[in-house]
Amino acid sequence: MINMEPVIGLEIHAQLNTRTKLFCSCPVGQKAEPNAHICEICAGQPGALPRLNEKAVELAARAVVALGGTVNAFSLFSRKNYFYPDLPNGFQTSQLDPPVGSGGGLNLALADGSEKFIRLNRVHMEDDAGKCVHDEKRDRTLVDLNRAGTPLIEIVTEPDLSSSREAMDFLKQLRGLLTQLEVTRGRLEEGEFRCDVNISLKPVGSETLGVRTEIKNLNSFRYVGQAIDFEIRRQTALYAAGYAIEQQTLHFDHLKAETRPLRSKEEAHDYRYFPQPDLPPVTVSPETVAAIKETLPPSLESVKEKLIASGLTLEIVNNLTATPGALDYFLAALKAHNDPKRLGTLMAELFLPTIRSKGLAPSEAKLTPPKLGQLAQLLAEGKLGKRAAYEMFGELFASGEDPLTLAGAKGLTLVSDAGPLLEWAKEIVAANPEETKLYLGGRKKILSFLVGQVMRRSQGAADPKKAAQALETVLGALSQ
Ligand code: ADP
Ligand code: MG
Ligand code: ZN
């Protein structure tokens, strides 16, 4: 059989971080009795007129700018018609064409340290539906409209993802970005960040996409991974047996970790989209876009570029950006020790492996950023050897103690005082007349041998740079 590869595109719904709903002033996201937070607008009463929430537009535009897309100066709301008991209007108010944002993308950090640009097709605003709640006891279904009218953005990717791993990592990175920008609170368990997964198979290298299925409404990264892997296996088996894939909308059963048909796929024309006559076009001025750009923290891309320019390897940079919170920790530690290279190495070699093995977030570590900065500082000043730093790191991490104090208590600090160093240097020079002669005769390289001897004599406690200086002093006096 020909080799097939997966093609995956995501449609992500993120709940915008507003106080009130998209078209009315009912509060969003507060725990309340069913139907406590509804009004004639979000409950779809005849004749009620929606009014657009400005804050929602601003947050949507913010997301578009942060994702490198174009904020359309002019976008439209449409009615997307379908019937569902928890959709009181009989339509969802969504944006078809033009949406608030077009294009853009995200540089996905891959596990091997490389990157892959995942293109976005569009970002549009829409309102959420209410909820149907099944009352088991009395075998009836109730409708709760508290969620109806909650502002969402939908982010639609191009079909650029190729595995469950990539899809999960993409979602984590996207959620990280949007929560950092406070576009969304992004709480998965609250359904504030959820996605539909589109997936098909195609012969390796082929340009033509295969028939896809769409798995609806996944609100956990793990489910996304499981659903994709199941669907890849299912479609592969169908192709292998000579069947065609049917374009379908699927539901993921997380208890069985399998997908199940929900309905046959609907097309845009099935919804009979038409312009929402009750809402004027949405306009976003160039000034607003410029103002948003001003307030955005530097993009991950530019932060990465800066770090690489400061001497960090791409591997270390990706290591920092792949672990949520690691970059913030690193930047905080830089305030205590402004050498990105030394600090980045400590992060990649000691700190990050340790927090990963303990399942902690960087912010939960007892070893705070200033303390890690101090550790780097001790290394830089030669007060602590690299080996000693690595040796004591486990204890330092567990206790969160002051690095200098701990190193002192363990007898790991380096001797850099001139007194003992000069004593050792004299001793070594006296004990190695051959090498001393060679050095004085011009073989300057022999110094490193002598430094090694001082290190041995001091049982590793001497600061090697200072030891070299002490030796030079002693040898200099001899040459006169
Ligand atoms: P719809 O709105 O009908 O779901 P779109 O064309 O807007 O369809 O695409 C929705 C998502 O499906 C996008 O993320 C897109 O990248 C993805 N997609 C489209 N075609 C395929 C395909 N053949 N295989 C995998 N994903 C696809
Ligand atoms: Mg879709
Ligand atoms: Zn309302």
Looking only at side chains, do [X] and [Y] share a donor and an acceptor under 3.5 Å apart?
| X | Y | result |
| --- | --- | --- |
| Asn53 | Thr20 | yes |
| His13 | Gln15 | no |
| Asn318 | Lys304 | yes |
| Thr184 | Glu192 | no |
| Glu158 | Asn121 | yes |
| Glu231 | Thr213 | yes |

Would [X] and [Y] pass as an ion pair if we require N to O under 4.0 Å?
| X | Y | answer |
| --- | --- | --- |
| Arg187 | Glu189 | no |
| Lys216 | Glu214 | yes |
| Arg234 | Asp229 | no |
| Glu395 | Lys410 | yes |

May I ask you to decide if [Y]'s main-chain N or O and [X]'s side chain share a donor-acceptor pair within less than 3.5 Å?
| X | Y | result |
| --- | --- | --- |
| Asn72 | Phe74 | no |
| Thr473 | Gln469 | yes |
| Gln95 | Met125 | yes |

* Any Phe170 side-chain heavy atom under 4.5 Å of Thr157 side chain ->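 Sidechains of Thr157 and Phe170: in contact.
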
* Flag the pair Ile428 / Arg457 as yes when at least one side-chain heavy-atom distance between them is below 4.5 Å, and no otherwise. =>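 A side-chain contact under 4.5 Å exists here.
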
* Asked: In Å and rounded to the nearest 0.5 Å, what is the CZ to OG1 distance from Phe230 to Thr259?
  ->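 Between atom CZ of Phe230 and atom OG1 of Thr259 there are 4.5 Å.
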
* Less than 6.0 Å separating the ring centroids of Phe351 and Tyr329? ->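 Yes; Tyr329 has its ring centre under 6.0 Å from that of Phe351.
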
* Asked: Does NZ or CZ of Lys366 fall inside the cone over Phe397's six-membered ring, less than 6.0 Å from its centre and within 45° of the axis?
  ->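 Judged by the rule (NZ or CZ under 6.0 Å from the ring centre, within 45° of its axis), Lys366 is not positioned above Phe397.
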
* Asked: For the residue pair Tyr223 and His254, does the interplanar ring angle fall in the parallel (under 30°), tilted (30 to 60°) or perpendicular (over 60°) class?
  ->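 The rings of Tyr223 and His254 lie parallel, inter-plane angle below 30°.
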
